[in-house]
Amino acid sequence: MRTGSWQDWKKRSSKQGKVTMVKTVAVIGAGVSGLASIKCCLDEGLEPTCFERSDGIGGLWRFTESAEEGRASIYHSVFTNSCKEMMCFPDFPFPEEFPNYMHNSKLQEYIQLYAKHFNLVKYIKFKTLVSKIRKRPDYPVTGQWEVVIEKDGKVESVVFDAVMICSGHHVYPNIPKNSFPGIEKFKGRVFHSRDYKGPEKFKGKKVLVIGLGNSGCDIAVELSATASQVYLSSRSGSWVMSRVWDNGYPWDMVVISRFETFLKNTLPTAISDWLYVKQMNRWFKHENYGLMPLNRTSRKEPVFNDDLPSRIACGTVVVKPNVKEFRETSAIFQDGTAQEGLDYVIFATGYSFAYPFMEDESIIKCRNDQVTLYKSIVPPLLEKPTLAVIGLVQSLGAAIPTADLQARWAVRVFKGLCKLPPQSSMMDDIDEKMGKKLKWYGQSDTIQTDYVVYMDELASSIGVKPNIPVLFLTDPKLALQVYFGPCSPYQFRLSGPGKWDGARDAILTQWDRTLKATRTRAVKGDQNSFPLFSMLKILALPLLLLAIFMMFN
Ligand SMILES: Cc1cc2nc3c(=O)[nH]c(=O)nc-3n(C[C@H](O)[C@H](O)[C@H](O)COP(=O)(O)OP(=O)(O)OC[C@H]3O[C@@H](n4cnc5c(N)ncnc54)[C@H](O)[C@@H]3O)c2cc1C
Ligand SMILES: NC(=O)C1=CN([C@@H]2O[C@H](COP(=O)(O)OP(=O)(O)OC[C@H]3O[C@@H](n4cnc5c(N)ncnc54)[C@H](OP(=O)(O)O)[C@@H]3O)[C@@H](O)[C@H]2O)C=CC1
Ligand SMILES: NCCS(=O)O
């Protein structure tokens, strides 16, 4: 780590007679985004230094008994809602013996294996807080940043050529108390899901959980086994999916494919929406369980919870509308019903994004105090493209492969290998994407995005997007999997910069690893049906509708 100075820089630049390219990179955070960023810097010959405020890697996935300031906090029973073939680092499949969906401790084990395999820990400064990031005085020429770090009470300022912010976006709890009149009068315990760790202290209690997201549903289901009653209040409802999808295949290996994405973006909206609602209601009729989303065609992230419907059916979880107001021991709901004798209220109302270490936060929130980033990664108004935010997108896809591809793109922007368009074009692109977000997610300021579309956009810019027509000609067996099968992370390391020689084989064996994890008792005559064909049956209806649409257009 070089403590920089103007003299150092002048010496370096005078030697080469020109402004030096990016070499040293500060990576803020050692969660999966930070680890991917370290590796991508090394792959491109840069010198990363990662600062991690806690004493270990893994970020959100490193479980601790109590929440730590400035780091995401999870409850003990969190299981992934992305399966292993869809949430791995693209050049590092999960070990075969891992289950398809896993406990947070198993994912943390994998993260540690990844860091060890690529020898990343030596680039990390633990228990080192980044307290300030600011442009150097000569930033307009050098693009350099000053990173202020604090460790053991000592404060130090370090100069870097570039910065990758990997500090996570599930840290700062959103507790919308002003949306809930009377909450101050409520005599029971009130806290945010960030501080929830387990069901032990809720035995025999009456608990109201606010928020029908994954946290709210997980917590309501878990508490319903020991609390006397759990109420789950929702403002706008949500689609609920099971991890165990068609034919028992992992939901994301069936739903997240190039072909599904093509259908969603090609079929007339009315047909695409009709198919979506039909697909989402296939497991159970949501209106019969009080869960139906107000905007049923919104593609906002569903809840992945295998037990919620049965807990509702058993009466241990009662779904309620939004809360209108609180009284000393009760909640009054929007439908006028009231629930007396509440002991706890848990706000599972999500998180807000903040970058307290940015001296000028408007660099990231450059419009209406909203995060405004080109390709959800670089601030569009920076004079020099030497700062990137990694991990600030939410999609049906998994965070790890998303962060990996983002980091690969960002590093190539730092090196000038991926050129940014003029600022006006970047702002136009951001506006165009906001329009699409409004259409698909009902909000233009959301960080939600269409996974395959987003990944392909980055992949195209780097030069690693699979060329499907060519693949059908040169490697049809692989092409079938790549196009009709799951859009698994390996696809983005099949070719081009950062190619991984194991990618093709990983794709062709992904179903073997998936079925091996659950087909643990074989019965003679088991159909070893190749999932692709059973998946094509699932697509028969959309394919038929597409053919009819094409015939009449
Ligand atoms: C309950 C829950 C379950 C989830 N399940 C899934 C799932 O199944 N699949 C999926 O794909 N995603 C899931 N996610 C999304 C999750 O956020 C990502 O999987 C992933 O953990 C994000 O990693 P990250 O590195 O971007 O951020 P984080 O994991 O939050 O790591 C950020 C790191 O930065 C450090 N840091 C922050 N500020 C500073 C600073 N100023 N100085 C130094 N260090 C700093 C923190 O200590 C932390 O280690 C889940 C999220 C939650 C809340
Ligand atoms: N792997 C796993 O099992 C888990 C994954 N996660 C992930 O972590 C991330 C965060 O999830 P989560 O903590 O559930 O947060 P989310 O942001 O996903 O959900 C927040 C919920 O709170 C509601 N809400 C927000 N503000 C208000 C308000 N003012 N009044 C009433 N309701 C409000 C929202 O309702 P509305 O829809 O109306 O806005 C929404 O239902 C998500 O990406 C999630 O997928 C979380 C837990 C477990
Ligand atoms: N869809 C995977 C991301 S998440 O935050 O659960």
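Remember, it's a predicted structure, so these values are computed and weren't measured experimentally. Just so you know, ligand 1 is whichever comes first in the structure, and atom 1 is the first atom listed for that ligand. Counting begins at 1 with the first residue of the sequence.
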Heavy-atom donor-acceptor pair, [X] side chain to [Y] backbone, under 3.5 Å:
X      : Y      : result
Tyr454 : Lys375 : yes
Asn104 : Val78  : yes
Glu184 : Lys177 : no
Thr80  : Met102 : yes

Can you pull out the closest protein heavy atom to [atom]? Residue, atom name and distance to 0.1 Å, please.
atom                    : value
atom 31 (O) of ligand 1 : Gly59 CA, 3.6 Å
atom 39 (C) of ligand 1 : Arg53 CD, 3.9 Å
atom 1 (N) of ligand 3  : Ser395 O, 3.0 Å
atom 38 (N) of ligand 1 : Ser167 CB, 3.6 Å
atom 1 (C) of ligand 1  : Ile74 CG2, 3.8 Å
atom 4 (S) of ligand 3  : Gln394 NE2, 3.3 Å
atom 26 (O) of ligand 1 : Ser33 OG, 2.7 Å
atom 52 (C) of ligand 1 : Leu60 CD1, 3.6 Å
atom 2 (C) of ligand 3  : Gly397 O, 3.3 Å
atom 47 (O) of ligand 1 : Glu52 OE2, 2.7 Å

Checking [Y] against [X]: is there a side-chain donor and acceptor pair closer than 3.5 Å?
X      : Y      : answer
Tyr231 : Gln339 : yes
Ser54  : Lys127 : no
Thr24  : Glu47  : no
Arg53  : Ser167 : no

List every atom of ligand 3 that sits less than 4.0 Å from any heavy atom of [X], numbering the atoms from 1 in the order shown and giving each element.
X      : result
Leu396 : 1 (N)
Asn81  : 2 (C), 6 (O)
Ser82  : 2 (C)

May I ask you to test the Lys39-His117 pair for a side-chain heavy-atom distance under 4.5 Å? no
Heavy-atom count around Lys201 NZ within 6.0 Å, excluding the residue itself: above 12? yes
Which atoms of ligand 1 sit under 4.0 Å from any heavy atom of [X]?
X      : answer
Arg71  : 46 (C), 47 (O), 48 (C), 49 (O)
Gly29  : 33 (C), 34 (O), 35 (C)
Gly168 : 27 (O), 30 (O), 32 (C)
Asn81  : 7 (C), 8 (O), 9 (N)
Leu129 : 40 (C), 41 (N), 42 (N)
Ser82  : 7 (C), 8 (O), 9 (N), 10 (C), 11 (O)
Ala398 : 11 (O)

Does ligand 3 have any atom sitting under 4.0 Å from a heavy atom of Ala399?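 Outside the 4.0 Å threshold, so no.
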Using distance alone, decide if ligand 1 has a nitrogen or oxygen within less than 3.5 Å of any nitrogen or oxygen in [X].
X      : result
Tyr351 : no
His169 : no
Ala72  : no
His170 : yes
Thr80  : no
Ser54  : no
Ala399 : yes

Looking at ligand 1, does [X] have a heavy atom less than 4.0 Å from it?
X      : answer
Gly70  : yes
Cys166 : yes
Thr128 : yes

Under 4.0 Å between a Lys/Arg side-chain N and an Asp/Glu carboxylate O for [X] and [Y]?
X      : Y      : value
Arg62  : Asp55  : yes
Glu52  : Lys125 : no
Asp252 : Lys84  : no

Six-ring centre of Phe186, Arg327 cation under 6.0 angstrom, axis tolerance 45°: no
May I ask you to establish whether Lys106 and Trp61 are in a cation-pi arrangement, using a distance under 6.0 Å from NZ or CZ to the six-membered ring centre and at most 45° from the ring axis? no
Between Phe63 and His76, what is the ring plane arrangement, given parallel below 30°, perpendicular above 60°, and tilted in between?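 Perpendicular: the ring planes of Phe63 and His76 meet at over 60°.
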Should the pair Phe94 and Tyr110 be assigned to parallel (<30°), tilted (30 to 60°) or perpendicular (>60°) ring geometry? parallel
For [Y] together with [X], are the ring centres under 6.0 Å from each other?
X      : Y      : answer
Tyr289 : Phe284 : yes
His103 : Phe79  : yes
Phe89  : Tyr114 : yes
His192 : Tyr172 : no
Phe347 : Phe191 : no
Tyr75  : Tyr196 : yes

Glu301 N/O under 3.5 Å from ligand 3 N/O: yes
Closest non-hydrogen atom pair between Pro90 and Pro489, with its separation: CB-O, 3.4 Å
Among Val32, Val130, Val27, Asn104, which residue places a heavy atom closest to atom 41 (N) of ligand 1?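 Shortest heavy-atom distance from atom 41 (N) of ligand 1: Val130.
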Evaluating non-hydrogen atoms only, which member of Phe357, Trp61, Tyr75 is closest to atom 4 (C) of ligand 1?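 It is Trp61 that holds the nearest heavy atom.
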Residue portion contacting ligand 1 (non-hydrogen atoms closer than 4.0 Å) for Phe51: backbone
Met87 contact mode with ligand 1 (heavy-atom cut-off under 4.0 Å):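 Under 4.0 Å from ligand 1, Met87 contributes side-chain atoms alone.
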Can you pull the residues with any heavy atom under 4.0 Å from ligand 2?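 Protein residues near ligand 2 are Tyr75, Phe79, Thr80, Asn81, His170, Asn174, Pro176, Ser179, Phe180, Gly211, Leu212, Gly213, Asn214, Ser215, Asp218, Arg235, Ser236, Arg243, Lys300, Glu301, Asn322, Ala348, Thr349, Gly350, Tyr351, Gln394.
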